[in-house]
Novice: 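Before I ask anything, let me first share the structure, which is written out below as C-alpha cells.
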Amino acid sequence: MEVKLAECAGFCFGVKRAIDTVYEQLAKQAETGKQIYTYGPIVHNEEVVRELEQKGVQVIDGEAGLDVSAIDGKTQRTVIIRAHGVPRAVQEKMEQSGLECIDATCPFVKRIHRIVEKAGKDGYEVVIAGNPGHPEVEGIRGWCTGPVKVIETEEEAGNFTAENGEKVCLVSQTTFNYNKFQSIVEIFQKKGYNGNVVNTICNATEERQRAARDLAAEADVMIVIGGKNSSNSRKLYEICSGECAHTYFIQTLDDLHLELPKAVRLVGITAGASTPNNLIEEVQNYVRINF
Ligand code: SF4
C-alpha cells in the first residue's frame, strides 16, 4: 500500500512567516523581558497555539468583536498581529496604548489593505467578495476609507447597487473560490460596473485545492489534517470528499481511527495551510507503519 502526500500541503508562506515571527520574539524575550501576545490565535490550529502557550505566549481574544480593551493601558508587552491582519483602528489603538505592535499580516493580505485604502480615497465604493464573519474580511473592511460592502454569493452580487454610481472596486478574500469570484465579476460587468476589479485570491489556496483534488481522485482513502476552525482545511475536506468516498478529517493523530480494507492501494494525505509539518509527518509515519 502506498501513502502519498499532496504536492502542496501544510503551512503556506504567510502562516509560516507569522509563526516564525512569534518564535523570533520568543528568542528575544530573554533580553527584553516583554510578555508576548498574539492578537487572536496566530493560526487556526489548536496544537500550534497550545505549544506556544506552553512557551508563555498568550492569546488576546481578537475574535470576539475585535475587542482591544483586554490589552489597554498595558506596557512592556509585545502584540503580534497574525497573518489575517486587523482593521486599521485596532492596530492604531494597540500602538497608542504603548504596546509594541509587530505586524505579521501576510503581505498578500496587506496588499488588499493598501488597494481598498486607496480606492476609497479615489472615490470608489469597495466590494469585498468573501465571508463577512471572517477576521481577514473584518480586517480588510477596517482599512476602507469610503463605502464598503461584503458579498458572499452570486445572488448578493445580483442584488447589489453601488452607492457611488459606477465607481466600484471589487476585491476578494484571499481564500475565496475562484469560479465564484469570476461569476461575481461577470454579474458586475453586466450591471455596468466596469471600475476596478482586482483578483486578490491567494495562489497558495488554489494550489492546495488543486493538489488535494488530484490526489483524492486517485486515492482509495484520503486523510485531511487541519484545525476544526480552519476554513481552508474544511474546504479541502469538501473537495476531497467529492472525489473520494473514504475521506477523513482529523485535527491530530488521536482523531484517526482508520480501518483499511485489504484492497486499499493508495492512501492520500493533505493538510490545511495552518497545519504544521511535524503533525503531517506523524500521520504519514503512522499510516506507513501500521498498515
Ligand atoms: Fe498569505 Fe495566502 Fe497564506 Fe493567506 S493563504 S496567509 S494570503 S500565503
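Basis for what follows: all heavy atoms, side chains included, without hydrogens, waters or symmetry-related copies. All of these numbers come straight from a predicted model, not from anything done at the bench. Counting convention: from 1, in listed order, for ligands and their atoms alike.
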Novice: From the options Q29, E100, Q25, select the one residue that forms a side-chain hydrogen bond (donor to acceptor under 3.5 Å, both in side chains) with K34.
Specialist: E100

Novice: For atom 3 (Fe) of ligand 1, how many protein N, O or S atoms come closer than 2.8 Å?
Specialist: 1

Novice: So does R210 pair up with D214, basic N to acidic O under 4.0 Å?
Specialist: no

Novice: R82 versus P41: any side-chain heavy-atom pair under 4.5 Å?
Specialist: yes

Novice: Salt-bridge test for E156 and K149: reply yes if a basic N is under 4.0 Å from a carboxylate O, no otherwise.
Specialist: no

Novice: How far apart are the closest heavy atoms of H113 and G85, and which atoms are they?
Specialist: CE1-CA, 4.3 Å

Novice: So, E31 and K28, do they make that salt bridge, N to O below 4.0 Å?
Specialist: no

